[in-house]
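The structure under discussion appears below in the form of structure tokens.
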Amino acid sequence: MAKEIDQKIKGKIESSERILIASHVRPDADAAGSLLGLGLGFIDAGKKVQMVLKDGVGKFRYLPKSDLITPLPKGPVDMVIVVDCSDPNRVGDILDGYDKPDLVVDHHKTNLEFGTFNVVEPEQVATAAILFDHMPSWGLSFTPEIATCLLSGIVGDTIGFRTSNVKSDVMRKAAALMDLGADLGNIYREELILKSFKEVHYWGCGLVRVERADGLVWTSLTLADREKVGYAGNDDADLVNVLSSVKEAEIALIFIEQPQNEVKVSWRARPGLDVSGIAFEFGGGGHAAAAGADISGNLEDVKQRVIIETKKLLEQQNQ
Ligand code: 5GP
Ligand code: MN
């Protein structure tokens, strides 16, 4: 029998005709895949669905029906859902004017439980994996398209099953999603392998100024870099994954300059370390092994402050 919370969520879904789903700014595969996987489930169940990402669909155009994702919600709805997002601010301002979310589905340990119902399972590798477990008890079924969206979320957040939280149950879920029609090879290629020339050029800008000291490796990407190579995103194009492969470092960081005197910081840590707390202290959040924050200040100042604090953290955690 489904848990009591699942029954209550199912009841809310049944009584809702118009459903709005949102996720975070600078969406990753888990944000886009969870949003779309759940949204397509609702559409199949006869609901009117809005799927909203403030920064748009970005590189996740390869997901089925991704053209249904919009940057702004419109009109009244009966149910608001936020997926893969630990903090309401990270949705952006798109939910201003709507009531508190009815449902939050997330796997970040820093989640603020800001919904009426909160399905927050930090032990799960991806929000998409939580949805795989719960959607049937909410009266929703899987199609090959939904399976593709959910498997993309899992592949994205585990960097292709490489993170240390991947246990055999994750592989079983992935296998079940493949049986439901998801094409793992294609997802892997689209999500993790293929890069545009501009992205590779942009990586080059960051790689030429990579630095290392005291167990950390870091670099930065500037607004000028993006202009120079014509990269339209406001993220690191996953360069942090390259930095986190540096053998000598225990923590990798990347500083991405943003307009209006802001810097986006990403941390990646070796298994056994936890960078979620430091990200949370800087106003962000995330997981033990991967966390981020948007910090006010100019690039050099933010870099200096964050590196000093991260070195301290590494010393403490290595004691
Ligand atoms: P990334 O560094 O790739 O942006 O994110 C790493 C992890 O930290 C992801 O799970 C992401 O959702 C979370 N994260 C990144 N930036 C922020 C932020 O500004 N606030 C919060 N709450 N979480 C963040
Ligand atoms: Mn996620």
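Just follow the structure's listing: the first ligand is 1, and inside any ligand the first atom is 1.
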- Query: So, are Asp225 and Arg209 salt-bridged, with charged N and O less than 4.0 Å apart?
  - Reply: yes
- Give a yes or no on whether a salt bridge exists between Arg305 and Glu309, defined as a side-chain N under 4.0 angstrom from a carboxylate O. no
Protein heavy atom at shortest distance from [atom]:
| atom | result |
| --- | --- |
| atom 9 (C) of ligand 1 | His108 NE2, 3.7 Å |
| atom 19 (O) of ligand 1 | Ala293 CA, 3.5 Å |
| atom 17 (C) of ligand 1 | Gly292 O, 3.2 Å |
| atom 11 (C) of ligand 1 | Arg90 NH2, 3.3 Å |
| atom 3 (O) of ligand 1 | Arg268 NH2, 2.6 Å |
| atom 4 (O) of ligand 1 | Lys264 NZ, 2.5 Å |
| atom 22 (N) of ligand 1 | Ser86 OG, 2.8 Å |

- Do the side chains of Leu216 and Leu253 get nearer than 4.5 Å, heavy atoms only? yes
- Contact check, side chains of Leu131 and Leu150, non-hydrogen atoms, under 4.5 Å: yes
- More than 12 non-hydrogen atoms from neighbouring residues, nucleotides or ligands closer than 6.0 Å to CD on Gln304, yes or no? no
- Item | Neighbour count >12 (heavy atoms, 6.0 Å) for atom CD, Glu248 | yes
In [X], the N, O or S atom nearest to the Mn ion (ligand 2) is which?
| X | value |
| --- | --- |
| Asp84 | OD1 |
| His107 | NE2 |
| Asp30 | OD2 |

- Message: Evaluate Lys311 against Glu315 for salt bridge (Lys or Arg N to Asp or Glu O under 4.0 Å), listing each step before the verdict.
- Response: CA-CA 6 Å; Lys311 280 183 185 171; Glu315 272 173 28; over 6 Å; no
- Item | Verify same cluster id: Met79, Leu20 (apolar side-chain graph, 4.5 Å) | no
- Is Val302 reachable from Leu313 through a run of hydrophobic residues whose side-chain heavy atoms are each under 4.5 Å from the next? yes
- Query: Got a sec: is His108 within less than 2.8 Å of the Mn ion (ligand 2) via an N/O/S atom?
  - Reply: no
- Task: Confirm or rule out an N/O/S atom of Asp157, from backbone or side chain, lying less than 2.8 Å from the Mn ion (ligand 2).
- Result: yes
With heavy-atom distances below 4.0 Å as the criterion, list the atoms of ligand 1 near [X].
| X | result |
| --- | --- |
| Ser266 | 1 (P), 2 (O), 4 (O) |
| His287 | 10 (O) |
| Gly286 | 8 (O), 13 (C) |
| Ala290 | 6 (C), 7 (C), 8 (O) |

- Task: For atom 14 (N) of ligand 1, state which one of Gly284, Pro27, Gly285 supplies the nearest heavy atom.
- Result: Gly285
- Task: Name the orientation class of the two ring planes belonging to His107 and His287 (parallel below 30°, tilted from 30 to 60°, perpendicular beyond 60°).
- Result: tilted
- Message: Is it true that Asn298 and Asp301 share a donor-acceptor pair across their side chains at a distance under 3.5 Å?
- Response: yes
- Does ligand 1 have an atom that lies less than 4.0 angstrom from a heavy atom of Asp294? yes
- Given side chain to side chain contact (heavy atoms under 4.5 Å, CB included), test Ile19 with Val77 step by step and report yes or no. CA-CA 6 Å; Ile19 300 179; Val77 295; over 6 Å; no
- Message: Can you tell me which portion of Arg26 lies within the under-4.0 Å heavy-atom range of ligand 1? Options are side chain, backbone, both, or neither.
- Response: neither
